[in-house]
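Accompanying notes for the structure given below.
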Amino acid sequence: MQKYVCTVCGYVYDPGVGDPDADIPAGTAFEDLPDDWVCPECGVGKDMFEPEEE
């Protein structure tokens with residue numbers, strides 16, 4: 001699954017891990033995150049993330 005990087009702080013959302021602190025289970029694709037999900041490191045929205053380069 002595609003990882004996404006926060007363009008503000010560099011946090012990487014890994015769908016294989018999810019975001020346990022926000023009750024997002026492992027296996028949740030970035031596209032399936034709730035619209036109000038924010039970066040756990042800096043608090044910006046999903047629109048500030050880009051696909052990680054392989």
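Along the sequence shown, the residues carry numbers beginning at 1.
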Nearest heavy-atom neighbours spanning Val44 and Cys6:
CG2-SG, 3.6 Å
On a heavy-atom basis, which atom in Pro15 and which in Thr28 lie closest, and how many Å separate them?
CB-O, 3.4 Å
So, do Val5 and Glu50 sit near enough that their side-chain heavy atoms are less than 4.5 Å apart?
no
Taking all non-hydrogen atoms of both residues, which atom of Lys46 and which atom of Phe30 are closest, and how far apart?
NZ-O, 3.5 Å
Which heavy atom of Ile24 sits nearest a heavy atom of Tyr13, and at what distance?
CG2-OH, 3.7 Å
Does the side chain of Pro40 reach to within under 4.5 Å of the side chain of Asp19, using non-hydrogen atoms?
yes
Starting from the C-alpha separation in whole Å, work towards a yes-or-no answer on side chain to side chain contact (heavy atoms under 4.5 Å, CB included) for Phe49 and Cys39.
CA-CA 9 Å; Phe49 279 74; Cys39 176; 3.7 Å; yes
Going from CD on Glu31 to OH on Tyr4, what distance comes out if it is rounded to the nearest 0.5 angstrom?
4.0 Å
Write down the atom of Gly16, the atom of Ala26, and the distance for their closest heavy-atom approach.
O-CB, 3.3 Å
Does CG belonging to Asp32 count more than 12 external heavy atoms closer than 6.0 Å?
yes
Is it the case that the side chain of Glu52 and the backbone of Gln2 share a donor-acceptor pair, with hydrogens and angles ignored and the cut-off at 3.5 Å?
no
